[in-house]
Number of protein chains: 2
Amino acid sequence: MVLLVRGPAQSREKWQLPWRSLRPDETLDDEAAKLARKTLDTTPALIEQIRAFGDGRRHPSGSELSVAFLALVDGDTGAGFEGDATWFATDDLPSLPPRQRGMLEAVLTSLRMRLDHGPIAFHLLPPTFTLTQLQEIYELLLGRRLHKASFRRSLHAAWLVEPTDEWRSEGRGRPAQLFRYAPKKRRGGRRGVRFGN
Amino acid sequence: MVLLVRGPAQSREKWQLPWRSLRPDETLDDEAAKLARKTLDTTPALIEQIRAFGDGRRHPSGSELSVAFLALVDGDTGAGFEGDATWFATDDLPSLPPRQRGMLEAVLTSLRMRLDHGPIAFHLLPPTFTLTQLQEIYELLLGRRLHKASFRRSLHAAWLVEPTDEWRSEGRGRPAQLFRYAPKKRRGGRRGVRFGN
DNA sequence: GAAATAGTGTCTCTTAGACACTATTTC
DNA sequence: GAAATAGTGTCTAAGAGACACTATTTC
């Protein structure tokens with residue numbers, strides 16, 4: 001889901017991405033972190049820059065250049081924004097200013113591509129977690145179902161997690177073993193060339 | 001190779017990435033295209049934004065924010081910059097201003113990741129080309145050797161090229177068939193999850 | 001014929017996904 | 001025992017890489 005805030009009353013588009021003007025002598029990453037903390041009232045699990053946007057369509061603030069950031073938080077986080085802020089499902093979004101629509105698309109695409117290349121999902125989990133929890137995070141972020149056995153084999157091959165000796169019983173059904181994130185070493189991962197269409 | 005230009009005489013670092021200040025009411029992409037045309041004296045085969053850089057280290061011009069672009073040209077392009085401009089091998093670069101060193105790293109990494117996801121290499125080739133030419137482009141951009149038979153099988157499976165009925169004899173050895181870029185359709189390319197370390 | 005380059009056939013190994021199974025819990 | 005969830009064994013298909021081969025040219 002995506003957190004949007006209310007724009008000024010007179011604007012045509014009611015909702016906007018949370019934003020903040022870059023102040024002199026501040027770094028981009030610091031400003032993004034401040035914006036996230038102020039909007040979410042907590043520190044996100046992950047903040048990453050996506051890219052800059054500077055096409056004809058201007059930002060609502062009148063700024064010519066926008067730099068989009070992705071911030072991930074887990075599902076229980078409430079918004080602490082002074083004013084209205086609401087979570088929207090990514091497939092049921094209200095109308096956005098034109099540039100922001102493009103920014104959001106780019107953020108989601110980029111998130112899914114980066115999932116393959118870094119341990120992003122682990123930031124959203126507590127220190128120990130079940131493999132079903134981990135798989136659910138991946139399915140949420142990718143927006144599609146994954147194959148259980150295959151998911152676990154890949155995970156095992158990548159040496160990213162190690163089992164603890166704890167088990168968690170979650171109501172009915174067999175208890176699940178808890179794992180922790182413990183990346184071992186680099187695979188010699190040289191893939192052949194994929195021609196992406 | 002990377003095209004660098006001479007910085008001002010009094011600066012500690014002799015060489016810099018080509019740059020240009022963003023003018024009011026110009027789009028980022030347009031400004032990047034203008035810079036490329038002015039620096040290279042030709043239109044690049046491809047221009048793509050990588051991301052913005054706004055850390056503590058400032059750009060030599062004093063600008064707080066830099067947006068890095070990648071522009072690709074083929075090997076025969078000369079530099080038309082007013083002033084000195086020289087091509088450097090990516091593994092033998094002179095000293096650069098600190099932020100620009102990071103920008104260049106990010107551009108190269110991003111290029112290699114994007115190679116899998118779009119037909120970037122074809123922009124660097126003439127309308128018809130041999131498969132050996134195509135493979136050499138990929139090897140240059142990836143910085144490693146590829147397996148011939150495997151490369152061709154992947155290419156065939158992706159339906160990206162079609163043979164023409166022309167053959168080109170390049171000195172000694174068997175003539176090579178010419179191909180053209182003719183993407184057919186989308187593969188249903190859903191890969192499983194790769195855990196990239 | 002030798003050297004050089006283009007292109008292919010076959011084998012092995014890895015891995016994603018399907019399917020079906022076993023294991024352990026609550027009700 | 002039924003239902004629910006965790007976890008695994010085996011098969012198949014696709015694809016990457018190794019290896020060796022054939023094909024066609026120039027010298």
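No experiment lies behind these values; they were computed from the predicted model shown. These values consider heavy atoms only, across backbone and side chains, with no hydrogens, waters or symmetry-generated copies. Protein chains get the first letters and strands the later ones, always in sequence-line order, with residue 1 at the start of each.
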Legend entry - N/O (side chain, B:Ser169) to phosphate O (OP1/OP2, D:dT25) under 4.0 Å: no
Inset, instruction - Heavy atoms only: give me the nearest B:Glu64-A:Pro24 pair and the separation to one decimal. - result: OE2-C, 3.4 Å
Legend entry - Sugar-phosphate only, base, or nothing, as touched by B:Gln177 at under 4.0 Å among non-hydrogen atoms: sugar-phosphate
Inset, instruction - For B:Thr132, report the nucleic acid contact type (base, sugar-phosphate, nothing); a contact means any heavy atom under 4.0 Å. - result: sugar-phosphate
Inset, instruction - Would you please confirm or rule out a distance under 4.0 Å between OP1 or OP2 of D:dA16 and any side-chain N or O of B:Ser154? - result: yes
Inset, instruction - Starting from P on C:dG17, measure out to NZ on A:Lys148 and report it in whole angstrom. - result: 15 Å
Legend entry - Interatomic distance, B:Leu155 CG vs C:dT8 C1' [rounded to whole Å]: 15 Å
Legend entry - Close side-chain approach of A:Leu115 and A:Tyr138, heavy atoms under 4.5 Å: yes
Inset, instruction - Report the distance from atom CG of B:Leu134 to atom P of C:dA6, rounded to the nearest whole Å. - result: 13 Å
Inset, instruction - Round to the nearest Å and state the distance from A:His147 atom NE2 to D:dT8 atom P. - result: 14 Å
Legend entry - Residue pair A:Pro175 / A:Arg168, side-chain heavy-atom distance below 4.5 Å: no
Inset, instruction - Check whether the side chains of B:Arg145 and B:Gln135 place a donor and an acceptor atom closer than 3.5 Å, and report yes or no. - result: no
Legend entry - d(CZ, B:Phe151; C1', D:dA18) in whole Å: 18 Å
Inset, instruction - Verify the contact: side-chain N or O of A:Arg174 to OP1 or OP2 of D:dA4, cut-off strictly under 4.0 Å; return yes or no. - result: no
Legend entry - Base paired to D:dA14 (Watson-Crick or G-U; both N/O distances under 3.5 angstrom): C:dT14
Legend entry - Base of C:dG17 paired with side chain of A:Arg153 (donor-acceptor, under 3.5 Å): yes
Legend entry - Distance in angstrom units between B:Arg152 CZ and D:dA16 P, rounded: 15 Å
Inset, instruction - Measure from the side chain of A:Ser150, starting at C-beta and using heavy atoms only, and say which of C:dG9, D:dG7, C:dA16 lies closest. - result: C:dA16
Inset, instruction - Starting from P on D:dT5, measure out to CG on A:Leu131 and report it in whole angstrom. - result: 16 Å
Inset, instruction - Kindly indicate whether a cation-pi arrangement holds for A:Arg51 with A:Phe53, taking the cut-offs as under 6.0 Å to the six-membered ring centre and within 45° of the axis. - result: yes
Inset, instruction - May I have the distance from B:Trp167 (atom CH2) to C:dA6 (atom C1'), rounded to whole angstrom? - result: 8 Å
